[in-house]
Amino acid sequence: MTAKGLSGSSVSILIGGEAGQGLSRSGTLLGKALMRGGLHVFGSIDYPSVIRGSHNFYTLTASDEEVHSNGDSVDIVLALNKETVLLHVDELSPGGVIVYDEGIEISSDELGRDDVQLLPFPLTSIVKEIGGPEVIRNTVALGAGLGLVGYDVEAMKSVISDVFAGRDAIIEMNHTAIERGYGYAREHYADALSIELKSSGMSPDRIIVTGNEAVALGAIAAGCRFYAAYPMTPASAVLHYLISTEEETGMTVVQTESEISALNMVVGASYAGVRAMTATSGGGFCLMTEALSLAAMTESPLVLMLGQRPGPSTGLATYTSQGDLLFAVHAAHGEFPRVVVAPGDVEECFHLTMEAFNLAERYQIQSIIVTDKHIIESHKSTPAFEPKAGIDRGELEIVDEWGGEEEYKRYRITESGVSPRILPGTRGATVFANSNEHNEYGYTTSERLETVMMVDKRMRKGYSLRAEIEGLSPVKVYGPEDADVTLVGWGSTKGATLEGIKTLERDGVKARFVQVVYIEPFPSEAFKAALGSGGRRLLIEGNKTGQLGQIIKLHTGIAFEDTLLKYDGRPFTPGEIAAKARKVL
Amino acid sequence: MVELKDLGTPAVNTWCPGCGNFGILMTFKNALVELGLEREKVAIVSGIGCHGKITDYVNVNALHTIHGRVLPTATGVKLANHDLTVVGFAGDGDAYNIGIGHLPHAARRNVDVTYVVHDNLVYGLTTGQTSPTSRRGYVSKTSPRGSFEPGINPLTQALASDASFVARGFAGEPHHLRELFKQAISHEGFALVDVLQPCVTWNRVNTYQFFRERVYKLEEEGHDPGSFDEAYRKVREWGDRIPIGVLYREERPVYRSNFPALEKGPLARQSLERVDVKGLLKEFK
């Protein structure tokens, strides 16, 4: 391969058009084809909250090195309409090309630069010749893109065969579309780009998934058997995937009438002894806060994924944000321990979800997995998931008969604060979970000493949890110890930060990244150790008020002078981070 | 098979003397005994209000949940372990104000849960405010000029929501009510029993006398609970005559039959040996 692009050998492709033109699907198919060829892939979709019309685009980066995010420029724009050309021409790297339908009237003068090429393709004519619907212009365009980089078209065709399995006419039509687009590119524009990507052969044990899929798979691997949720962007895909796999997984999945219903239903299922979960976004989480408090008081374990998007209120429904961290940490009335964990990539989405279930059940608390649109709706290639964590249900005993010497007490006071747990339905015992303050048996109380005893018990669980978190790799460090600048962040900014570090390295700047994974309980010791004492520091967050920064200051006293805060609804780019890091030096 | 004495708890009962809740409590316990249920196999869910304390007074599995959310909570319990007999208790405020949004869905799902509503046409525990079932003109500290709206009709709501068992009872007719409870609990599917009861502390209108002068038993007047149209006419009857009994009943598939995993038995007792995700990952390769 010829070197070009971000680093190593890579290509960055943007496919854009109107909503309804199959862009998301195209991006997914392309990513899969490139992944099957042995390349590393990252792709993300950008779309407003509209079903038809309006501008959507999918940006994908493929490389022989691991790709954590898209870059600051693209090499190829596949434009299904003129709007795409004009909106993205500035993002093209010098020497980049624009594939567009030759029927569109556009001239180089409109581009505003002379170092990129317009490559007209007969997209519509080809589609008409094939006799397909207009939407497969995107497939022709994909073929064109592959042709421009000389990538083996068979991988793409095999992806299409798999994705449309059983629908032979569709497969054939799409195959033809790919071939025609590819052929035209090779014939007319073989030298347009100085990139040539080659398949390195099949990598059977790699996958390409979104964060939503990874979280869902993590839940399945964790033995979650009940999932109730209300559709809300960007979290709905977890619901879709879990319903589609109900028969294989043995999960019971319910689309509820509201988010209020969802979390209350989860609490009911948890009370009855089933691992239960929901997912939502900020507005839905607002509705869930009362049930979260209920879960805490009744000590009902559960897992909740919060997929952030910009608020307040409806905000930017289809964009990304890190604006709800403090909300996740503090939500709901009353004082009680919880887990708040923030995966930074799809691998962590899978593994941390498994850990979240274990922590929830072992401490009989609630685990909140904080993600965002960028991480849960973007695709990343990765080795096929292998569960690391086992299934640890803590003090839950599933027996037919209660064998204890004394009467079963749901809230028995123990040293750790965690009480033995049995299933309602166990002979010889009854389980009383109470949203009122209660005594050890669960009966309502407002007595002073009993109240203090129970508050202490619940918080005691949190102290044990805090100690355990420090040992769970709650803070990860990437990069050299003797770095000139330390970048601090959480969640999906990990991707752009890791790429930004590569960019800085090329410019001779040594940077390292301290990723805070567990936010609550906050791992003060692990954080201080990771942060170290030398060099400049930069806090990077996708919000206006530096929420992780506030949490860090609260727990450690450490404040950040330099911050890079982004709140336009878009993910960070490596270039933005590298530029700011250089300024900070 | 549980005996009455096993159903008592050490909790001190704090309901007002003469409260209709006592009748409901006794009747419920008697129904459990007569149905021959084991107390460990019964799970009750209560909401917030005077009714909510019932979980402190019956020695079965219990989940005292939050205001208005008995139905989704009970649904979660039942789906997680359908071997449990699940009975939800709510008040009229709990069920028909804050919680009414859940009623159509629990009903149309036909989740196998019995929903007993302690309908005293007032807010008791929060000291006497007007309730959604209070009749128009009801005077309270929150409707000093008399309530503006007509009372919500829970039975109409239930029928409109495709509930498969709709009944109304009266706490002052405990034998009749016991039969209703038994039928509701035995019914395969969602069963609503709206129980008219006096609140002796706050509601000076809908008293024992008020109800005694008006209620009549549908069974004694040849009502056919199999007829939706007849039920729909009967449910709107209120005034000099208030019908109690089973208004409507039908049989149709229960919610759990929708879920393949539940065919194997209660979800909570299914083994959690790690699910192999390898097969699922094929789709992403």
Side-chain angles (χ1 to χ4, degrees), chain A residues 36 204 206-209 213 217 220-221 223 225-226 228 245-252 254 256-258 260-262 264-276 290-291 294 298 384-385 387 390-391 393 398 423-436 442-444, chain B residues 9-11 38-43 45 48 52-53 55-56 59-81 83-84 101-102 104-105 109 256 259-262 264 266-270 272-285:
Chain A
R36 285 188 182 185
R206 291 168 70 235
I207 55 175
I208 180 164
V209 286
E213 287 157 348
L217 288 163
I220 291 167
R225 290 297 170 87
F226 187 81
T245 53
E246 247 184 325
E247 300 199 33
E248 291 113 296
T249 64
M251 218 187 273
T252 291
V254 178
T256 57
E257 65 273 26
S258 73
I260 294 177
S261 177
N264 279 286
M265 214 178 276
V266 163
V267 171
S270 169
Y271 161 76
V274 170
R275 283 197 159 188
E290 197 195 6
L294 168 71
T298 56
F385 296 135
I391 294 180
R393 305 202 71 184
I398 300 183
L423 302 183
T426 305
R427 262 202 312 281
T430 49
V431 182
F432 185 4
N434 197 345
S435 63
N436 277 328
Y443 294 114
T444 301
Chain B
T9 69
E38 293 168 46
R39 65 186 185 87
E40 295 100 326
K41 293 286 186 225
V42 175
V45 180
I48 304 298
K53 300 181 185 191
T55 39
D56 276 309
N59 193 10
V60 293
N61 296 294
L63 172 43
H64 182 216
T65 188
I66 50 183
H67 198 35
R69 313 303 168 198
V70 168
L71 289 177
T73 314
T75 303
V77 175
K78 185 71 184 184
L79 285 175
N81 189 343
D83 271 359
L84 296 171
H102 300 298
H105 303 283
R109 287 178 189 130
R256 68 173 171 277
F259 300 100
L262 302 184
K264 291 186 245 154
L267 203 54
R269 292 208 171 260
Q270 290 180 26
L272 270 204
E273 266 133 46
R274 180 159 339 130
V275 176
D276 188 7
V277 295
K278 275 206 184 60
L280 296 171
L281 290 178
K282 288 206 193 90
E283 178 192 339
F284 302 105
K285 294 195 171 174

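Each chain gets a letter, A, B and so on, in the order its sequence line appears, and its residues count up from 1. Bear in mind that the values here come from a model prediction, so they are computed numbers and not experimental data.
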Would you sort out whether A/Tyr271 and B/Thr73 count as a side-chain contact (heavy atoms from CB on, under 4.5 Å), showing the intermediate values?
-> CA-CA 9 Å; A/Tyr271 161 76; B/Thr73 314; over 6 Å; no
Checking side-chain contact (heavy atoms from CB on, under 4.5 Å) for the pair B/Arg109/A/Glu257: CA distance, chi angles, key distance, verdict?
-> CA-CA 11 Å; B/Arg109 287 178 189 130; A/Glu257 65 273 26; 2.5 Å; yes
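In this structure, the side chain to side chain contact (heavy atoms under 4.5 Å, CB included) partners of B/Ala62, at least two apart in sequence or on a different chain, are A/Phe432, B/Ile44, B/Thr55. With sequence neighbours left out, the salt bridge (Lys or Arg N to Asp or Glu O under 4.0 Å) criterion links B/Glu40 to no other residue.
Considering only heavy-atom pairs separated by less than 4.5 Å from chain B, the leading option among A/Val209, A/Val267, A/Ile260 is A/Ile260. Ranked by heavy-atom pairs under 4.5 Å with chain B, the list A/Glu248, A/Glu246, A/Glu290, A/Glu247 is led by A/Glu290. Chain A forms the most heavy-atom pairs under 4.5 Å with one residue out of B/Leu267, B/Val277, B/Leu71, B/Leu84, and that residue is B/Leu267. Of all the listed residues (B/Leu63, B/Val45, B/Ile48, B/Val42), the one sharing the greatest number of non-hydrogen pairs under 4.5 Å with chain A is B/Leu63. If you tally non-hydrogen atom pairs under 4.5 Å between each of B/Leu280, B/Leu79, B/Asn81, B/Asp83 and chain A, the highest count goes to B/Leu280. In terms of non-hydrogen atom pairs under 4.5 Å with chain B, the most contact-rich of A/Gly250, A/Ser261, A/Gly223 is A/Ser261. Your options are A/Asn436, A/Thr298, A/Thr249, and the one with the most heavy-atom pairs under 4.5 Å with chain B is A/Asn436. With chain A as partner, the option from B/His105, B/Lys78, B/Lys53, B/Arg256 having the largest number of non-hydrogen pairs under 4.5 angstrom is B/His105. Heavy-atom pairs under 4.5 Å with chain B were tallied for A/Ala269, A/Ala272, A/Gly273, A/Ala262; the largest tally goes to A/Ala269. Your options are A/Ala429, A/Ser258, A/Gly442, and the one with the most heavy-atom pairs under 4.5 Å with chain B is A/Ala429.
Distance alone, capped at 3.5 Å, is enough to place a donor-acceptor pair between the B/Lys41 side chain and the A/Gly425 backbone. Between the side chain of B/Asn61 and the main chain of A/Val431, a donor-acceptor pair closer than 3.5 Å is present. Between the side chain of B/Asp56 and the main chain of A/Thr444, a donor-acceptor pair closer than 3.5 Å is present. Of the possible donor and acceptor atoms, one in the side chain of A/Ser435 sits under 3.5 Å from a partner among the backbone N and O of B/His64.
Both the backbone and the side chain of B/Pro72 come within contact range of chain A, each with at least one heavy atom under 4.5 Å from a heavy atom of that chain. The part of A/Leu423 that comes within reach of chain B is its side chain, from C-beta onward, which places non-hydrogen atoms under 4.5 angstrom from that chain. Heavy-atom distances place both the backbone and the side chain of A/Thr426 under 4.5 Å from chain B. Of the atoms belonging to A/Ala384, heavy atoms from both backbone and side chain fall under 4.5 Å from chain B.
To the nearest 0.5 Å, atoms CG (B/Leu281) and CG (A/Leu217) are separated by 5.5 Å.
The two residues B/Ala11 and A/Tyr443 make their nearest non-hydrogen contact at CB-CD2, 4.2 Å.
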